[in-house]
Amino acid sequence: MNKLALSDKLTPLQLEHARRCISSAQSVAIITHQNPDGDAMGSSLAMRHFLSALGKQVTNIVPTSFPDFLAWLPGVEAVVQYEQNPEAAAQALRDADLVICTDIAEPGRVAALSDILAERFNAYESSQTARDNGETARNDGENADNASLLIIDHHLSSVCSNHPEQIAYPDSASASELVFRLVYQIVQDNRAVIEGISSQCRECFEPILDNTRDHHGTISLRHYNIDVPFDAILTPDFATCIYTGMMTDTGNFSYNSCEPEMYNIVAMLLTTGINKDAIYNRVFNAYTADRLRMIGYCLYHKMKVFPEYHTALITLNRREMYRFNAKSGDMEGIVNMPLQIKDVYYSVFMREDKIPPHQKPEAGEAKVKAKISFRSQGDRPVNILAREVFRGGGHMNASGGEFFGDVDEAAKKFIEVMPKYMRKE
Ligand code: 5GP
Ligand code: MN
């Protein structure tokens, strides 16, 4: 693989935390958010390829089903889907030496697995507090108390703002890019140490030299127990997963995509021989005729435009989705479409959703809920509205939330608060 310039975005503290977590774990559970999208699947499966190459026993868990247009991703056949296999998913999450969360930093975003993930987060918090108070970690980092947690995410989160060792960059366009950077920096760092050993004073490196081995491009740092076969990590499978996540979270590099180094990463991925045009086709040109008809219906019959507030709103109830045979993933991308209208800067899409069993107690009288997507352009945040009114959150220009009640009630609520959250100019 040809190397291009890539700055060290991840801090030494983050790198060290990731290394410690990975090296001391034998079994790893990788989990991502409910209704997983391309970045969720791409980042978590890329991590799988990396850890499998290190000889770890890896279980990928998704809380709910993933859409058909991602069902071809390398490694996807091994993913344990909670709804299909609740015991296996719960057990892996509970028992793994290490839990890695990609594209999420909140236990609440994993549907029915939220309680178990919250336990892992709490164990981690306690172990960190103990460490900060100078207490020796039980079993000296052996993770016997299931406290090992690694977050690789690009959402704003309180957990991560209190834990600078966790990898959380809200300015990053995708979690997949952060996975790439983590792997790249680990590999680069290992190489730097090896090169240091051969070019500098041997004695300085004597303490770790015994633990170090370098043969035919395979570089290992036994000190961290991480074997990093250089080109064996940056494989077409790994690159495909990373590229898919980067591509989907930037709308095929049409938003959040002005960061120059993003294209250095893309260039490095392409040197593995992956075909980016084929990936585009598999993801974006793989829908059913019904979905296209549903989009036509949404735009023609269901889209309301509020020119004064530069806002468009689309709602879909269960009957309408049934009519178009809508399946998981078919709703993806509809929310972005009204932004094609000149002078529309905010777009809201609401669809009726079932209230899952684990939410029943909170839902009170409501029989259904509305799942809501928000999008915006430029310096117009939608995550504040999502958080304050619709129990959600997300990025400045792409957020989501929910409302207990049907989509008409949710729309009424939105129209009520629109003047407060949508700018007129
Ligand atoms: P989407 O509209 O594609 O479902 O979600 C866009 C983004 O909004 C996601 O990447 C995620 O960051 C955020 N998001 C969506 N739904 C929720 C939710 O229910 N709660 C929170 N906290 N964030 C959400
Ligand atoms: Mn993402």
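We count ligands from 1, going down the list as the structure has it; atoms in each ligand are counted the same way.
Partners of E352 according to the salt bridge (Lys or Arg N to Asp or Glu O under 4.0 Å) rule, which considers only residues two or more places apart in sequence or in another chain, are R318.
A 6.0 Å sphere centred on CZ of R293 holds no more than 12 heavy atoms belonging to other residues, nucleotides or ligands.
Listed by chain and number, residues touching ligand 1 at under 4.0 Å (heavy atoms only) are R109, H155, K371, S373, R375, G392, G393, G394, H395, A398, S399, G400, G401.
Screening residues 59-86 for salt bridge (Lys or Arg N to Asp or Glu O under 4.0 Å), with sequence neighbours left out, gives no hits. Residue pairs that meet the ring-ring contact (aromatic ring centres under 6.0 Å, His included) test with at least one member in residues 266-288, sequence neighbours left out, are F69-Y287, Y280-F284.
Using a 30° and 60° split on the angle between ring planes, F414 and F306 fall in the perpendicular class, above 60°. Below 30°, between 30° and 60°, or above 60°: for H155 and H33 the angle between ring planes is above 60°, a perpendicular geometry.
Counting just the N/O/S atoms of D103, the one with the shortest distance to the Mn ion (ligand 2) is named OD1.
Within the model, atoms NZ of K413 and CZ of F403 stand 7.0 Å from one another, a figure rounded to the nearest 0.5 Å.
Taking 2.8 Å as the criterion, D39 counts as a coordinating residue of the Mn ion (ligand 2), since one of its N, O or S atoms falls below it. Note on H155: not counted as a metal contact of the Mn ion (ligand 2), no N/O/S atom lying under 2.8 Å.
Ion pairing of E416 with K412 is absent here, as no side-chain N (NZ or NE/NH1/NH2) approaches a carboxylate O to less than 4.0 Å.
At the Mn ion (ligand 2), the vertex angle linking OD2 of D249 with NE2 of H154 is 90° (nearest 10 degrees).
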